[in-house]
Amino acid sequence: SLPILKVLDIGECLTVPDEFSVKEKETGMWWKQLIAGGMAGAVSRTGTAPLDRLKVFMQVHSSKSNHINVMKGLKGMIAEGKLRSLWRGNGINVLKIGPESAIKFMAYEQVSSQISGIKNLERCNSMLDNVALHMKKDKAISTRLKVLKTRLTLRKTSQYSSIADCAQKILKNEGVRAFYKGYLPNILGIVPYAGIDLAVYETLKNSWLQNHGKDTRDPGVLVLLLCGTVSSTCGQLASYPLALVRTRMQAQASIDGAPQQSMSGLFKHIISREGFLGLYRGIAPNFMKVIPAVSISYVVYENMKIVLGAT
């Protein structure tokens, strides 16, 4: 059977799979893949920050009674803090998504290269399970940043002066445990999203290359955009209810009069009041950012690999 993937801890947020050949290590392949993945995440998130903020706003505040839709939500945010407010929380979002995206893409590259010669389905699944466990460990770190990102995204004008100020106020008023709110749904959500997203993307890309790419290994920007869009849509449909519950758990303490509920309590509360569709509040702006966010991410990643010589 395949050995469990080993990792080398680098600082606090990065893990490097110890599966590279000596040549790959000498040429710096691992850090090139990290940079390409981190850059892809940062560029895509910054470009779609307004839609991301709108999604979070609707996840927390939208209900049957107030009828907040895409246009009403955007107008409300601009009226409260002007156009610049649409990028609230983007700084911490980039800090969060950079390492997360870097690890996601690099882990996938390693698994993909090793699975290419494996025919036994059970062994393939075992390797994927090991990578999922490592990504769960990284998610434990990013959860703290997600809490800050949620609070900064939902903040009113002048509520927090900086990321540090937000962290200090949370620590003072709510304690250390506040930084781990939403941890469980966050962990549970990584498997359906990352697994389905990357698997569908690679399947679609390889299918196109087999049928139409006989003379080239470059699918082109349009094909990558379509593959990224479809794969992300599939992943988000599977994991969105967990993402919504995670966001509400992280935002509860900042909303006056909001009950402090557990993950299961929130699921029951949402379904009893709004039905099953209540678990998909904010999914409209979420899907609106699928093409410009995820697809840009894949395009930037593919091109950064070429620039850095990591193909």
Side-chain angles (χ1 to χ4, degrees), residues 17 29 32-34 36-45 47-48 51-52 55 97 100-132 134-135 189-243 280 283-308 310-311:
M29 183 67 71
K32 291 177 182 179
Q33 290 181 352
L34 280 174
M39 183 64 71
V43 172
S44 66
R45 288 306 176 95
T48 58
L51 288 172
D52 187 65
K55 177 199 73 175
I97 198 63
E100 187 176 309
S101 179
I103 292 170
K104 169 185 170 182
F105 276 107
M106 189 179 69
Y108 171 71
E109 290 282 2
Q110 288 303 295
V111 174
S112 178
S113 65
Q114 295 196 37
I115 286 181
S116 61
I118 299 176
K119 295 183 179 180
N120 188 290
L121 181 59
E122 183 177 349
R123 296 173 72 190
C124 291
N125 288 334
S126 176
M127 179 176 284
L128 288 171
D129 288 340
N130 287 330
V131 173
H134 290 307
M135 293 188 74
I190 184 59
V191 176
Y193 179 76
I196 294 174
D197 181 18
L198 290 172
V200 173
Y201 172 76
E202 188 65 17
T203 299
L204 292 174
K205 187 177 80 169
N206 285 337
S207 177
W208 187 93
L209 288 172
Q210 290 173 5
N211 291 289
H212 306 285
K214 296 181 180 179
D215 300 324
T216 179
R217 297 300 300 171
D218 180 15
V221 173
L222 182 58
V223 173
L224 292 178
L225 284 172
L226 292 174
C227 291
T229 299
V230 175
S231 65
S232 179
T233 299
C234 293
Q236 289 184 53
L237 281 173
S239 63
Y240 192 83
L242 286 166
Y280 285 87
I283 200 168
N286 197 55
F287 277 147
M288 287 172 66
K289 73 171 189 172
V290 167
I291 294 178
V294 181
S295 303
I296 288 174
S297 179
Y298 281 113
V299 171
V300 172
Y301 179 69
E302 297 283 352
N303 283 278
M304 281 297 296
K305 284 203 302 180
I306 295 174
V307 172
L308 295 172
T311 54

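- Side-chain N or O atoms of Ser101 include one that pairs as donor or acceptor with a backbone N or O of Gly37 at under 3.5 Å.
- Checking Val43, Leu222, Leu224 one by one against Val299, the side-chain contact (heavy atoms from CB on, under 4.5 Å) holds for a single residue, Leu224.
- Minimum interatomic distance between Ile196 and Gly235 (heavy atoms only, all atoms of both residues): CG2-N, 3.8 Å.
- Of all non-hydrogen atoms in Ser44 and Ala293, the two that sit nearest each other are CB-O, 3.0 Å.
- Counting only heavy atoms from C-beta outward, the side chains of Phe287 and Leu237 approach each other to under 4.5 Å.
- No more than 12 heavy atoms of other residues, nucleotides or ligands lie within 6.0 Å of CE in Met39, so this atom counts as exposed by the packing criterion.
- Taken from CG in Leu209 to CG in Leu204, the straight-line distance is 11.0 Å, to the nearest 0.5 Å.
- Nearest approach of Pro285 to Leu51, heavy atoms of both residues: CB-O, 3.9 Å.
- Considering all non-hydrogen atoms of both residues, Leu308 and Ala36 come closest at CD1-N, 4.2 Å.
- One finds the OG atom of Ser207 at 7.5 Å from the NE2 atom of His212 (value rounded to the nearest 0.5 Å).
- Minimum heavy-atom separation, Tyr240 to Ile283: OH-N, 3.2 Å.
- Taking every heavy atom of both residues into account, Tyr301 and Gln33 meet most closely at CE1-O, 4.0 Å.
- Interatomic distance, CG of Leu198 versus OH of Tyr298, reported as 4.5 Å (0.5 Å rounding).
- The structure places OH of Tyr201 at 9.5 Å from CG of Asn206, a figure rounded to the nearest 0.5 Å.
- When atom types are taken as modelled, the side chain of Asp197 and the backbone of Tyr193 share no donor-acceptor pair closer than 3.5 angstrom.
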